[in-house]
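So the structure is just underneath, and the comments pick up after that.
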There are 2 protein chains.
Amino acid sequence: MTSPSPIAEPHRSGCPINLALETLGDRWSLIVIRDMMFGNRRHFRELLQGSTEGIASNILADRLKRLVAAGLLTRRDDPTHRQKAIYSLTEAGIQLLPVLAQLGAWGRRHRPTTPDLAIRAQLLEEGGPALWEAFMDELRHRHLGAPDPGTRVLARLTAAHEALAAKTA
Amino acid sequence: MTSPSPIAEPHRSGCPINLALETLGDRWSLIVIRDMMFGNRRHFRELLQGSTEGIASNILADRLKRLVAAGLLTRRDDPTHRQKAIYSLTEAGIQLLPVLAQLGAWGRRHRPTTPDLAIRAQLLEEGGPALWEAFMDELRHRHLGAPDPGTRVLARLTAAHEALAAKTA
DNA sequence: TTAACTGCTTGCTATTTGCAATCGGTGGAT
DNA sequence: ATCCACCGATTGCAAATAGCAAGCAGTTAA
């Protein structure tokens with residue numbers, strides 16, 4: 001509450017990588033973004049119960065608050081249910097897709113991933129920036145009300161994942 | 001110290017993004033990698049005093065230990081000084097460059113960066129994957145003993161940064 | 001009326017973070 | 001031989017954060 005210096009300097013440095021890490025450098029923020037992008041989860045309960053990692057509800061509430069404050073998400077009321085809230089990605093949030101794609105590509109190569117969860121990272125890597133742009137346009141449609149680009153990138157990623165998940169189940 | 005279950009499952013899930021975050025999802029790990037890549041820092045003291053973010057020595061020691069354990073760095077003795085240690089990037093560590101490039105590109109667009117620190121992210125983004133590969137070959141030369149590719153990507157990035165830093169100083 | 005569901009909070013403990021000081025050892029200069 | 005700056009860390013401590021379990025007040029459909 002107190003402000004000891006005239007103008008508080010909240011940042012460790014002006015380095016782009018550092019500033020990105022100040023916003024995203026924890027174990028959960030990008031998991032939430034991931035689930036919103038690839039799982040199309042928009043409600044608190046969906047995010048809470050959907051992720052296999054099992055985020056705690058207070059952590060999720062805190063992250064959603066921070067991500068909204070940081071301008072990566074917006075929160076609005078759900079017209080169909082007075083108590084529901086809908087979270088949407090902003091343009092800045094959508095532009096995290098290449099970061100997630102590279103992170104997934106790296107994880108797939110260097111960490112012990114499971115096949116059904118790695119397939120999306122693989123398709124995203126093989127598709128390259130062109131596929132990322134198509135996916136980002138789909139996200140702009142779903143989250144920002146942009147016109148439907150007509151592509152089905154998310155549907156293809158999801159189908160590939162579910163086909164593999166069914167095999168191993 | 002105790003192992004309550006027969007075989008501990010240390011991972012929250014087998015998702016590539018999650019596994020990458022389990023290794024890199026904190027406020028310092030990628031800062032250390034960044035300084036080793038772009039600042040060519042190889043010693044504990046260089047990493048400690050070089051970064052503008054001011055990492056604490058115990059945190060740095062902990063991160064170096066973890067990154068070595070995770071296979072992103074190696075540690076060896078410095079032949080010129082019995083007490084010095086030299087840290088090197090492994091191939092897995094070097095392959096984090098595209099992640100850092102995307103993270104920097106995002107930070108430059110969406111966070112309040114300072115010009116002299118943003119120029120490297122800009123050049124890296126404009127250069128694209130071809131430039132990244134050249135830089136990674138330089139890193140393989142410096143850290144893994146691969147033949148000198150003869151390129152000067154790091155030198156160009158550093159020169160651009162220092163030119164801007166001199167202006168604003 | 002009731003029961004399931006909504007986003008989110010609370011109380012609690014365990015872990016992590018960050019700061020400041022310091023450690024035992026090294027090696028160059030005097 | 002003695003000093004002293006430097007080496008990679010470690011320690012003690014306070015503050016912040018993470019994570020678990022339970023619960024909140026309000027909403028909706030049955």
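These figures come from a predicted structure and were not determined experimentally. Below, read A as the first sequence line, B as the second, and so on, with proteins coming before strands; counting in each chain starts at 1.
Checking dG19(D), dG12(D), dT6(C) against the side-chain heavy atoms of Ile59(A) singles out dG19(D) as nearest. Residue His81(A) has its side chain nearest to dT27(D) when only dT27(D), dG18(C), dG8(D) are considered.
With hydrophobic clusters built from ILVMFWY side chains whose heavy atoms lie under 4.5 angstrom apart, Leu73(A) does not share a cluster with Ile86(A).
Atoms CD1 (Ile86(B)) and P (dA9(D)) sit 12 Å apart, rounded to a whole Å. Between the CG atom of Asn58(A) and the P atom of dA14(C) there is a distance of 16 Å, given to the nearest Å. Here dA16(D) presents its P atom at 21 Å from CZ of Arg27(A), a figure rounded to the nearest Å. With rounding to whole Å, Arg12(B) atom CZ is found 11 Å from dA18(D) atom P. Rounded to a whole Å, the OH atom of Tyr87(B) is 14 Å from the P atom of dC7(D). When the C1' atom of dT17(D) is taken as reference, atom CG of Asp26(A) falls 10 Å away, rounded to whole Å. Here dT17(D) presents its C1' atom at 16 Å from CD of Glu22(A), a figure rounded to the nearest Å. Note: CZ (Arg82(A)) to C1' (dT28(D)) measures 10 Å, nearest angstrom.
Not a single donor-acceptor pair under 3.5 Å links the side chain of Ser13(A) to the backbone N or O of Thr52(B). The backbone N or O of Pro149(A) lies less than 3.5 Å from no partner atom in the side chain of Glu138(A), so there is not a single donor-acceptor pair.
Lys65(A) has a side-chain polar atom (N or O) that falls below the 4.0 Å cut-off from OP1 or OP2 of dT9(C). Look at Trp28(A) and you'll find a side-chain N or O under 4.0 angstrom from OP1 or OP2 of dG19(D).
Contacts of Phe38(B) classified as ring pair (Phe, Tyr, Trp, His ring centres under 6.0 Å), with partners at least two apart in sequence or in another chain: Phe135(B). Remark: Gln122(B) pairs with Arg108(B), Ile119(B), Glu126(B) by the side chain to side chain contact (heavy atoms under 4.5 Å, CB included) rule, at least two apart or across chains.
For Gln83(A) and dG7(C), a side-chain-to-base donor-acceptor distance below 3.5 Å is absent, hydrogens and geometry of angles not being considered.
Between the side chains of Arg66(A) and Ser29(A), no donor-acceptor pair of N or O atoms lies under 3.5 Å.
Both cation-pi conditions hold for Arg12(A) and Trp28(B): the charged atom is under 6.0 angstrom from the six-membered ring centre and inside a 45 degree cone around its axis.
Contacts between residues 40-55 of chain A and DNA chain D, counted as heavy-atom distances below 4.0 Å, involve no residue at all.
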